[in-house]
Amino acid sequence: MKITVIGAGRVGSSVALNCTIRELGDICLLDIVEGLPQGEAMDINHQLAERGIDCTIRGSNNYEDMKESDFVVIVAGVGRKPGMTRMDLLKTNAEIVKGVCNKIKNYAQNSKVIVVTNPLDPLTYLVIKSLGGQKTKIMGMGGMLDLSRFKEHISTLTGMSRESIQAMVISEHGENMLPLVRFSSISGIPLTEFITTQQSEDLINKTKKIAAEVISLKGATVYAPGNAVSTMIECIVKNKRAILPVSALLEGEYGCNDICIGVPCVLGSEGIEKIIELKLDENELKVFNLGVQSVKNAIENLSL
Ligand code: NAI
């Protein structure tokens, strides 16, 4: 497998590290800043050498080097500063991502694409429209990261092993994310049996707010997103057919059309093999629809 990561900043280099540690393939780490991807590649290769992992990672400033990629991860762009929402990044990052799409068209048209740059859902839509590719092959990573956080909070609150927690987070990767307490469990036992309604509300709020807290403390989120992207790639490379939250193009599912938003998807060798439609209750639907509206508004502001 060849995995190209476009954007060798904090998250891009973490994606490269996580993919190689899992031995998913060889990495091409691309950035416009000279020296940065080469330096990151050296540092990661040194770790891999000591571990005895033979995946190679190469840094480059030349988009041509993405030729014959099986996967392209788009993580180029600016991150939010303390106090900003993900939507505040729309204009700047849409221009960057459009430029990246032109390069993908030239050099890696047949690859599967995972979008990471924020705001995640509108930019995943932008990439699907720009590449005119199959909607099963282009997807966004946002919900997987929200899920990592939700799981951590569930474990802390209940005192149960992280290993036994199954959960789901859908909707917008942003202000209207929807951690689904009702569809979460601890070893198959509904989470609602372990926690009160108040605790459930607290869990949801904490999951929504925690990224901003990390950003205010250390400037960016790095390790958890790198891991989340590599989990998605691993699922596809190994044809695991696991159900993960993914930003996918909806065409009728959840009563929505022509919009990308986080939903549970079966990920296998074909990419998004199925979108799972959950029966949301009134309150869940309210948040989901707010997410849809927010992404729609952003899409309207994109010049495609
Ligand atoms: P960063 O600033 O550390 O790295 C971004 C890199 O992109 C820089 O090295 C920059 O030179 C590069 N870049 C800019 N334009 C480029 C181009 N045209 N071609 C190649 N490289 C280019 O930022 P960080 O923290 O790595 O975040 C990157 C993006 O990922 C941000 O938009 C951030 O909001 C988003 N993000 C998304 C997450 C998600 O769950 N979807 C989680 C964390 C971050």
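For this chain, numbers begin at 1 and follow the sequence in order. Just follow the structure's listing: the first ligand is 1, and inside any ligand the first atom is 1.
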**Prompt:** Going from CD1 on I6 to CD1 on I32, what distance comes out if it is rounded to the nearest 0.5 angstrom?
**Reply:** 11.5 Å
**Polar contact flag, side-chain donor to acceptor under 3.5 angstrom, D26-T56** = yes
**Prompt:** Side chains of Q47 and D43: donor-acceptor distance under 3.5 Å anywhere?
**Reply:** no
**Prompt:** Cut-off 3.5 Å, side chains only: do S247 and D121 have a donor facing an acceptor?
**Reply:** yes
**Item:** salt bridge (Lys or Arg N to Asp or Glu O under 4.0 Å) partners for D54, two or more places apart
**Value:** none
**Complete:** Closest heavy-atom approach to atom 28 (C) of ligand 1 among V11, V5, V75 is made by V75
**Asked** NZ of K105: more than 12 outside heavy atoms within 6.0 angstrom?
**Response** yes
**Message:** If the cut-off is 4.0 Å to any non-hydrogen atom of N93, which atoms of ligand 1 fall inside it?
**Reply:** 32 (O)
**Message:** Is it the case that ligand 1 has an N or O less than 3.5 angstrom from some N or O of V116?
**Reply:** yes
**Request:** Number the atoms of ligand 1 from 1 as they appear, then name those within less than 4.0 Å of a heavy atom of G79, with their elements.
**Result:** 31 (C), 33 (C), 34 (O)
**Prompt:** For ligand 1, which atoms have a heavy atom of V33 less than 4.0 angstrom away?
**Reply:** 11 (O)
**Under 4.0 Å to a heavy atom of Y63 - the qualifying atoms of ligand 1, by number** = 17 (C), 18 (N), 19 (N), 20 (C)
**Request:** Please report the C-alpha distance between K112 and D70 in whole Å, then the side-chain angles of each, then the deciding distance to 0.1 Å, and finally whether the salt bridge (Lys or Arg N to Asp or Glu O under 4.0 Å) criterion is met.
**Result:** CA-CA 6 Å; K112 294 192 174 68; D70 298 285; over 6 Å; no
**Request:** Considering heavy atoms of the protein only, find what lies nearest to atom 34 (O) of ligand 1 and give residue, atom and distance to 0.1 Å.
**Result:** N118 ND2, 3.0 Å
**Asked** Counting each atom of ligand 1 from 1 as listed, which ones have a heavy atom of G7 under 4.0 Å away?
**Response** 7 (O), 21 (N)
**Item:** Per-atom contacts of ligand 1 with L89, taking only distances under 4.0 Å to non-hydrogen atoms
**Value:** 34 (O)
**Fill in**
Judged by heavy atoms only, the candidate from V100, I6, L145, I215 nearest atom 42 (C) of ligand 1 is L145
**Prompt:** Between atom OH of Y125 and atom CD1 of I261, what is the distance when rounded to the nearest 0.5 Å?
**Reply:** 13.5 Å
**Prompt:** Does one side chain, of T207 or R149, offer a donor that lies under 3.5 Å from an acceptor on the other?
**Reply:** no
**Message:** At under 4.0 Å between heavy atoms, is it the side chain or the backbone of M141 that contacts ligand 1, or both, or neither?
**Reply:** both
**Item:** Passing candidate, side-chain contact (heavy atoms from CB on, under 4.5 Å) with T231, options N227, V229, I233
**Value:** N227
**Prompt:** Is there at least one pair of N or O atoms, one from V78 and one from ligand 1, spaced under 3.5 Å apart?
**Reply:** yes
**Item:** R80-ligand 1 polar pair, N/O distance under 3.5 Å
**Value:** no
**Prompt:** Do you know the tightest heavy-atom contact between V169 and P245?
**Reply:** O-CB, 3.2 Å
**Prompt:** In terms of atom number and element, which parts of ligand 1 are under 4.0 angstrom from non-hydrogen atoms of L36?
**Reply:** 9 (O)
**Request:** Looking only at protein heavy atoms, identify the closest one to atom 4 (O) of ligand 1 and say how far it is in Å.
**Result:** G9 CA, 3.2 Å
**Asked** Looking at atom 12 (C) of ligand 1, what's its closest protein heavy atom, distance included?
**Response** D31 OD2, 3.2 Å
**Message:** Quick one about S69 and S111 (side-chain donor to acceptor, distance below 3.5 Å, no hydrogens or angles considered), yes or no?
**Reply:** no
**Message:** Under 4.0 Å, heavy-atom basis, I'd like to know which part of A76 is in contact with ligand 1: side chain, backbone, both or neither.
**Reply:** both
**Asked** What part of I32, side chain from CB on, backbone N/CA/C/O, both or neither, has a heavy atom under 4.0 Å from ligand 1?
**Response** both
**Request:** Tell me which protein heavy atom sits closest to atom 5 (C) of ligand 1, plus the residue, atom name and distance to 0.1 Å.
**Result:** G77 O, 3.2 Å
**Request:** Among all protein heavy atoms, pick the one closest to atom 23 (O) of ligand 1 and tell me residue, atom and distance.
**Result:** R10 NH2, 3.7 Å
**Asked** Quick check: are there more than 12 heavy atoms from other residues, nucleotides or ligands sitting under 6.0 Å from CD of E50?
**Response** no
**Complete:** Atoms of ligand 1 under 4.0 Å from any heavy atom of T221, numbered from 1 in the order shown, are 42 (C), 43 (C)
